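Both ligands and their constituent atoms are indexed starting at 1 by order of listing. Fair warning: this is a prediction, and the values are worked out from it, not measured in the lab.
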Amino acid sequence: MQIEYLIIGQGISGTWLSYYLQKENKSFLVIDNNKANSPSRIAAGIINPVTGRRHVEVWMANDIIPFAHNEYSQLGKELGITTISQKNIIDFFPSPQMRISFFQRIEEKANYVSDYKVQDHFSNHFNYDFGCGEINPVYTVHLDLLLPVWRKKLKEKNQLLEEEFEINHLKISDNKIQYKKITADKIIFCDGVGSAENPYFNLLPFAPNKGEVLLVEIPDLPITNIYKKGMMLAPLSTKGLWWIGSNYAWEFDNHDPTHLFKEKTEALLKEWLKVPFKTVDHLAGIRPATLERRPFVGLHPLDPSVAILNGMGTKGCSLAPLFAKQLIDNLLYHRNIHPEADVTRFQKILSRSIL
Ligand SMILES: Cc1cc2nc3c(=O)[nH]c(=O)nc-3n(C[C@H](O)[C@H](O)[C@H](O)COP(=O)(O)OP(=O)(O)OC[C@H]3O[C@@H](n4cnc5c(N)ncnc54)[C@H](O)[C@@H]3O)c2cc1C
C-alpha cells in the first residue's frame with residue numbers, strides 16, 4: 001500500500017489530523033489499537049477558558065476556544081451529530097476563601113467569570129453553603145459520540161487499521177517510510193503517551209500524569225450545566241449518565257483505577273448531591289502532559305519523514321483542532337507553527353537522539 005501519510009493514533013489529535021488531511025484530499029491511513037482507557041476515550045471533553053484556584057485565563061484562550069468551537073460545530077454538521085455543546089460551569093465555592101477569591105476576580109474584571117444572580121437556583125439538587133458563581137462560555141465536546149463516528153467513517157473508506165503499531169517494524173529512509181507493507185511519505189505520531197517511549201521523541205520533556213474518573217447515574221440532575229465543587233460533574237451523551245473527576249498523579253505504579261479515588265469521590269457526591277446517584281464505572285488514563293505545558297507539534301528536526309502532534313496534556317479538546325490545522329498548513333504550505341508549540345524548539349535535545 002502506498003500513501004502520503006501514516007498516522008499513529010485516533011484519539012482527539014489523530015481525529016483532527018485525519019479530518020484536515022481528508023479536506024486536503026491527501027491519501028492517508030490511521031493505525032489505532034482502540035485502547036479503551038486512552039485519555040481521549042475517558043475524558044469529559046470540557047473546554048474551560050480558565051484554570052486553577054485563581055481562575056486565570058488559559059494559554060491562547062481567545063484564539064484556541066473560538067477556533068475549536070467553530071471547527072467542532074462544522075465537523076458535527078458534516079457528520080450529522082452534535083459534537084459540541086455549551087455547558088457553562090456552575091462553580092459551587094467549597095469554602096468562604098474560595099468565594100472571596102472568585103469575587104475578587106470579578107472585581108478585577110477578569111474574563112469569563114461572573115456572579116450567579118439566583119443563588120438558590122440549584123438548592124433542590126445540591127448542598128452548597130458558600131454560594132456559587134458562573135464560568136462562561138464553557139463547552140463540552142461529545143467525545144463518546146465523535147470518536148466512534150469518525151472511526152466508522154475512516155473504516156468505511158479503508159483509512160483505518162485497527163491494530164497495535166509496532167515501532168520495530170518501522171524503517172525510515174530518504175523522503176519515505178516503510179511500515180510492514182505500507183509505504184508513506186511521512187509518519188505522524190498522535191499516539192499520546194506512546195511517543196514518550198518512541199526512540200524518535202523520547203527525549204522530549206513529557207510529564208505523563210494519571211487521572212481517574214467515575215461514571216455515575218444521576219437521573220434527576222438538570223443537564224443544562226457542568227457543576228464544580230473541587231471536582232467537575234459533567235453530563236455525558238447517554239441520558240442520566242454523568243462524569244465526575246478528576247485527579248492528577250505524577251507518580252504511579254500502574255495505569256489502574258485506585259480504591260482511594262473512588263472512596264473520596266463518592267464521599268464528595270454524598271455530601272454535595274441532594275438527589276440519588278449510582279456509580280456504574282471507574283476508569284483511569286494517562287494524560288500526555290509536558291513539563292512546560294505546551295504541545296509538541298511539527299516535523300522531527302533531524303528527520304523530515306517523521307512528525308508529531310502530541311503533548312496535549314489536560315486540554316486536548318481545545319488544543320487539538322488548532323494545532324492539527326497548524327501542522328497540516330506547515331506540511332502542505334510551509335506556514336509557521338506557533339513557536340511555543342513547534343517541536344523544533346527542542347532541536348538540540350532531539351539531535352541527541354539515538355538515531
Ligand atoms: C481523566 C481525564 C480527564 C480529562 N478531561 C479532559 C477534559 O475534560 N478536556 C480536555 O480537553 N482534556 C481532558 N483530558 C486530557 C485529554 O484526554 C488529552 O489531552 C487528549 O485526550 C490527548 O489526546 P491525544 O489524541 O493526543 O492522545 P490519546 O488520547 O492518548 O490518543 C492516542 C491514541 O493512539 C492509540 N495508540 C497509542 N499507542 C498505540 C499503538 N502502539 N498502536 C496503535 N494505537 C496506539 C490509542 O489507542 C489512542 O486512540 C483528560 C484526561 C484524563 C485522563
Side-chain angles (χ1 to χ4, degrees), residues 6-18 29-49 51 58 64-65 68 72 84 87 89 138-144 146-148 150-151 154 160-170 179 187-198 206 208-215 226 228 231-234 236 243-249 252 255 257 261 265 281-290 293 295-297 308-324 327:
L6 178 62
I7 299 175
I8 310 305
Q10 191 241 328
I12 196 63
S13 299
T15 294
W16 278 107
L17 197 69
S18 52
L29 181 75
V30 181
I31 300 182
D32 186 278
N33 58 12
N34 210 7
K35 202 170 149 201
N37 67 347
S38 77
S40 297
R41 292 188 185 91
I42 72 165
I46 301 168
I47 296 184
N48 184 353
T51 181
V58 298
I64 283 171
I65 297 178
Y72 282 106
I84 190 163
K87 301 271 174 195
I89 293 176
V138 178
Y139 302 99
T140 54
V141 174
H142 304 294
L143 292 162
D144 49 351
L146 170 59
L147 296 182
W150 185 249
R151 190 174 190 87
L154 291 177
L160 183 92
L161 260 191
E162 204 160 86
E163 62 179 45
E164 184 73 18
F165 170 79
E166 298 163 302
I167 199 145
N168 51 324
H169 291 282
L170 178 66
Y179 179 70
I187 183 166
I188 308 177
F189 288 97
C190 304
D191 55 343
V193 285
S195 282
E197 284 161 23
N198 162 334
F206 277 101
N209 76 69
K210 178 172 166 182
E212 296 182 54
V213 50
L214 292 189
L215 302 188
I226 295 165
K228 181 182 167 209
M231 290 199 200
M232 297 279 195
L233 180 60
L236 293 171
W243 180 107
I244 180 160
S246 183
N247 60 346
Y248 302 86
F252 44 89
H255 294 191
F261 177 83
T265 309
D281 213 345
H282 179 191
L283 308 161
I286 314 298
R287 301 178 183 91
T290 70
R293 296 175 193 215
F296 301 142
V297 186
I308 188 165
L309 177 65
N310 209 317
M312 299 294 158
T314 57
K315 299 187 175 56
C317 291
S318 51
L319 298 177
L322 184 79
F323 288 106
L327 179 56

> Parallel, tilted or perpendicular for His282 and Phe261, by the 30°/60° rule?
Replying inline: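 His282 vs Phe261 ring planes: parallel.
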Counting heavy atoms only, which part of [X] comes closer than 4.0 Å to ligand 1: side chain, backbone, both or neither?
| X | value |
| --- | --- |
| Leu319 | neither |
| Arg41 | side chain |
| Tyr139 | neither |
| Glu166 | neither |

Number the atoms of ligand 1 from 1 as they appear, then name those within less than 4.0 Å of a heavy atom of [X], with their elements.
| X | value |
| --- | --- |
| Ser38 | 48 (C), 49 (O) |
| Gly9 | 33 (C), 34 (O), 35 (C) |
| Gly192 | 27 (O), 30 (O), 32 (C) |
| Ser246 | 1 (C) |
| Phe165 | 40 (C), 41 (N), 42 (N), 43 (C) |
| Met312 | 19 (O), 26 (O) |
| Ala44 | 5 (N), 8 (O) |
| Trp243 | 3 (C) |

Evaluate [X] for polar contact with ligand 1, using N/O atom pairs at a separation under 3.5 Å.
| X | result |
| --- | --- |
| Gly316 | yes |
| Gly45 | yes |
| Glu212 | no |
| Asn310 | no |
| Ile12 | yes |
| Val193 | no |
| Cys317 | yes |

> Are Arg293 and Thr51 close enough that a side-chain donor and a side-chain acceptor fall under 3.5 Å?
Replying inline: no
Residue, atom name and distance, where the atom is the protein heavy atom closest to [atom]:
| atom | value |
| --- | --- |
| atom 38 (N) of ligand 1 | Asp191 CB, 3.8 Å |
| atom 26 (O) of ligand 1 | Ser13 OG, 2.7 Å |
| atom 35 (C) of ligand 1 | Asp32 OD2, 3.2 Å |
| atom 9 (N) of ligand 1 | Ile46 O, 3.0 Å |
| atom 43 (C) of ligand 1 | Asn33 N, 3.3 Å |

>> With a 4.5 Å cut-off on side-chain heavy atoms, are Phe296 and Thr290 touching?
In response: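 They are in side-chain contact.
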> Can you tell me how far OG of Ser40 sits from CG of Leu147, rounded to the nearest 0.5 angstrom?
Replying inline: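 Rounded to the nearest 0.5 Å, the CG-OG separation comes out at 6.0 Å.
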>> Nearest 0.5 Å, please: how far is CG in Leu29 from CD1 in Ile8?
In response: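 Reported value, rounded in 0.5 Å steps: 8.0 Å.
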> Quick check, are the ring centers of Tyr139 and Tyr72 under 6.0 angstrom apart?
Replying inline: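 No, they do not, as the ring centres are separated by 6.0 Å or more.
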> Measuring from the heavy atoms of Glu163, does anything fall under 4.0 Å of ligand 1?
Replying inline: yes
> If hydrogens are left out, which of Gly14, Ala43, Pro39, Cys190 has an atom nearest to atom 4 (C) of ligand 1, that is, the closest non-hydrogen atom?
Replying inline: Ala43
>> I'd like the name of whichever of Ala289, Ser40, Gly11 reaches closest to atom 23 (O) of ligand 1 through any heavy atom.
In response: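 Shortest heavy-atom distance from atom 23 (O) of ligand 1: Ser40.
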